[in-house]
Each structure stands twice: as C-alpha cells, then as structure tokens.
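This report refers to the structure that appears directly beneath it.
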Amino acid sequence: GLFLVLIYVATGRVFYVLVGLVMFIAGALVASRLMSYVGGRLDGWLDPLNEANYAAVGGSYQIVQSMFGLAHGGLFGTGLGGGLPSIVPLAQSDFIISAIGEELGLVGLFAVLAMYMVLVSRALRIANAHADDFSKLLAVGLGFVIALQCFIVIGGVLRVVPLTGLTTPWLAAGGSSLVANWIIVALLLRLSDTLPKAGTVSE
C-alpha cells in the first residue's frame with residue numbers, strides 16, 4: 001500500500017496503482033488457497049457466525065466476541081471500566097478498538113478516529129506545503145503509514161477487511177510498534193519545522 005501511494009504521488013500515473021492492486025488481489029487469492037491459515041482468516045471474515053469457523057483454531061471466535069462487545073457499547077458505551085472487554089481475546093492489543101467501542105460507545109470510537117484523521121491530515125498538509133520533493137514524499141509516506149495501520153486494524157475489528165496482526169497506533173500494547181509510531185511523529189515534526197515561516201521570502 002505504501003509503495004503504491006508513493007509511486008502515484010511521485011509519478012501521477014494511475015496505471016501503476018491499478019497494476020499494483022491487481023497483483024495484490026491475485027496474491028491474496030493465491031495465498032488463501034495455498035496457506036490454510038490465510039484461508040481460515042478469510043472464511044472467518046466472510047462468515048464469522050458459522051459454527052465451523054467459530055470453533056476452528058484461529059477462527060472467528062475473536063471477531064464474534066468483538067461484535068458482541070461493540071453492540072453492547074451502543075452509542076455512548078458502558079463507561080470506562082464498565083464493560084467486559086476481557087471476554088475478547090487480545091483486547092489489550094489486536095482488539096483494543098473493540099474495548100474502546102464497548103466502554104466509550106460509537107461516540108468515543110468516532111472521537112478516536114477523528115484524532116487519527118487530524119494527524120494524517122496534518123501530515124498531508126506538511127507534504128502539500130513543502131517545496132522539496134523528498135520531504136513531500138516522506139511526509140505523504142509517513143502519514144499514509146498511520147492511515148494504513150488504522151484502516152487495516154480497525155477495519156479488521158469492524159469486519160471491513162480480514163483480520164491481520166497489526167497493532168493500533170499508540171493504543172495497543174506493543175513496544176516496537178509504539179517506538180516506531182513515535183519516530184513517525186518526530187519525523188513529521190521535523191518536516192514541519194523545515195517549512196518556510198509565514199512572512200519570509202524564499203530566494
């Protein structure tokens with residue numbers, strides 16, 4: 001995903017993106033047929049309430065419990081500490097969005113998503129304001145990394161896409177993920193600091 005976005009930003013050619021998407025879909029279909037683990041994830045995503053998928057090792061048990069938790073949270077949630085996120089396996093890491101949705105509800109979940117959107121939009125604004133091509137590509141890439149992580153993880157919990165093992169930026173337990181995401185923020189701050197100040201004339 002990052003490669004396709006950067007090659008599109010660098011060249012402006014949609015053809016490369018379309019070819020990359022076709023290759024990705026083909027690779028995913030082949031992997032789902034040759035690797036039982038990937039096939040199980042795909043089956044659990046398409047039909048999580050099927051008894052065979054629910055009871056299978058690595059099946060849809062997690063996603064079903066997550067769906068129940070999100071439904072239990074409703075619009076405003078059960079309150080911090082008021083839910084039962086512990087019944088969802090890996091609620092502290094892969095499924096932390098489910099715990100947030102149960103305790104803070106749809107409103108709290110949207111607030112979290114809005115904060116991610118603000119961060120990504122700031123990265124894109126930094127890229128748009130930079131005259132240097134490398135800085136522009138770097139800012140776009142860093143912002144897209146955050147957006148892609150959020151889409152894959154939160155989309156997996158909400159059954160928009162199949163589940164993966166990525167972590168939710170700054171929320172899920174995971175030391176290396178936390179360090180990497182703070183480095184992304186540090187790089188964006190540095191890129192922002194190199195923007196020309198208002199009122200200055202560039203030569």
Side-chain angles (χ1 to χ4, degrees), residues 1-9 17 20-21 24 41 45 62-63 65-67 69-83 85 88-130 135-195:
L2 178 60
F3 174 76
L4 292 181
V5 165
L6 289 183
I7 199 169
Y8 173 72
V9 172
V17 178
L21 288 175
F24 170 76
R41 283 289 178 97
W45 171 58
Q62 286 178 306
I63 192 67
Q65 295 303 321
S66 171
M67 291 163 55
L70 290 169
H72 183 230
L75 190 60
F76 297 105
T78 58
L80 287 174
V88 181
L90 302 175
Q92 76 283 1
S93 56
D94 289 8
F95 281 83
I96 195 166
I97 287 296
S98 172
I100 292 172
E102 182 177 3
E103 296 189 359
L104 300 182
L106 186 63
V107 173
L109 200 54
F110 275 7
V112 172
L113 291 176
M115 287 187 280
Y116 283 126
M117 287 177 64
V118 167
L119 183 59
V120 173
S121 69
R122 294 302 298 179
L124 296 180
R125 285 187 65 183
I126 291 169
N128 190 49
H130 244 292
S135 299
K136 189 184 296 286
L137 283 173
L138 182 58
V140 169
L142 294 174
F144 185 74
V145 164
I146 297 170
L148 186 63
Q149 284 186 84
C150 292
F151 173 73
I152 291 176
V153 177
I154 298 173
V157 173
L158 300 178
R159 278 194 64 218
V160 176
V161 294
L163 286 172
T164 64
L166 292 180
T167 56
T168 312
W170 300 289
L171 291 179
S176 58
S177 172
L178 187 62
V179 170
N181 285 307
W182 278 122
I183 290 173
I184 289 174
V185 171
L187 290 171
L188 287 173
L189 286 172
R190 183 68 187 107
L191 288 171
S192 178
D193 191 54
T194 60
L195 288 172

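On a predicted model such as this, the values are computed, not experimentally measured, just so you know. Side chains included, hydrogens not; waters and symmetry mates left out as well; all remaining heavy atoms used.
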Pairwise side-chain contact, His130 with Leu138, heavy-atom cut-off 4.5 Å (strictly under) | no
Any side-chain heavy-atom pair of Ile63 and Phe95 under 4.5 Å | yes
Contact check, side chains of Leu148 and Val5, non-hydrogen atoms, under 4.5 Å = no
Output, in order, the C-alpha distance, side-chain angles, deciding distance and verdict of side-chain contact (heavy atoms from CB on, under 4.5 Å) for Thr167 and Leu178.
-> CA-CA 9 Å; Thr167 56; Leu178 187 62; over 6 Å; no
pair Leu80-Leu104: side-chain heavy atoms closer than 4.5 Å = yes
Would a 4.5 Å heavy-atom cut-off, applied to side chains only, mark Ile146 and Trp170 as touching?
-> yes
Roughly how far, to the nearest 0.5 Å, is CG of Leu109 from OG of Ser98?
-> 9.5 Å
Nearest heavy-atom pair of Leu171 and Ile97: which atoms, and what distance?
-> CD1-CD1, 4.3 Å
Grab the two heavy atoms, one from Val9 and one from Val140, that are nearest each other, plus how far apart they are.
-> CG2-CG1, 3.9 Å
Work out which heavy atom in Lys136 is nearest to a heavy atom in Ala127; give both atom names and the distance.
-> NZ-O, 3.0 Å
Approximate separation, where rounding is to 0.5 Å, of Ile183 CD1 and Leu188 CG | 12.0 Å
Judged by atom type as modelled, is there a donor-acceptor pair below 3.5 Å linking the side chain of Ser121 to the main-chain atoms of Val118?
-> yes
For Leu70 and Gly101, the nearest pair of non-hydrogen atoms, with its separation, is CD2-CA, 3.7 Å
Sub-3.5 Å donor-acceptor pair from the side chain of Asn128 to the main-chain atoms of Leu124, do we have one?
-> no
Which residues pass the salt bridge (charged side-chain N to carboxylate O under 4.0 Å, His left out) test with Arg190, sequence neighbours left out?
-> Asp193
Identify the heavy atoms of Leu2 and Phe144 that sit nearest to each other, and give their distance.
-> N-CE2, 3.7 Å
For Thr78 and Glu102, indicate whether the former's side chain and the latter's backbone hold a donor-acceptor pair under 3.5 Å.
-> yes
Could you give the distance from CG (Leu119) to CD1 (Ile184), rounded to the nearest 0.5 Å?
-> 9.0 Å
What's the spacing between Ile126 CD1 and Leu142 CG if we round to 0.5 Å?
-> 9.0 Å
Check Trp45 against Arg159 and note the closest heavy-atom contact, atom names and distance.
-> O-NH2, 2.9 Å
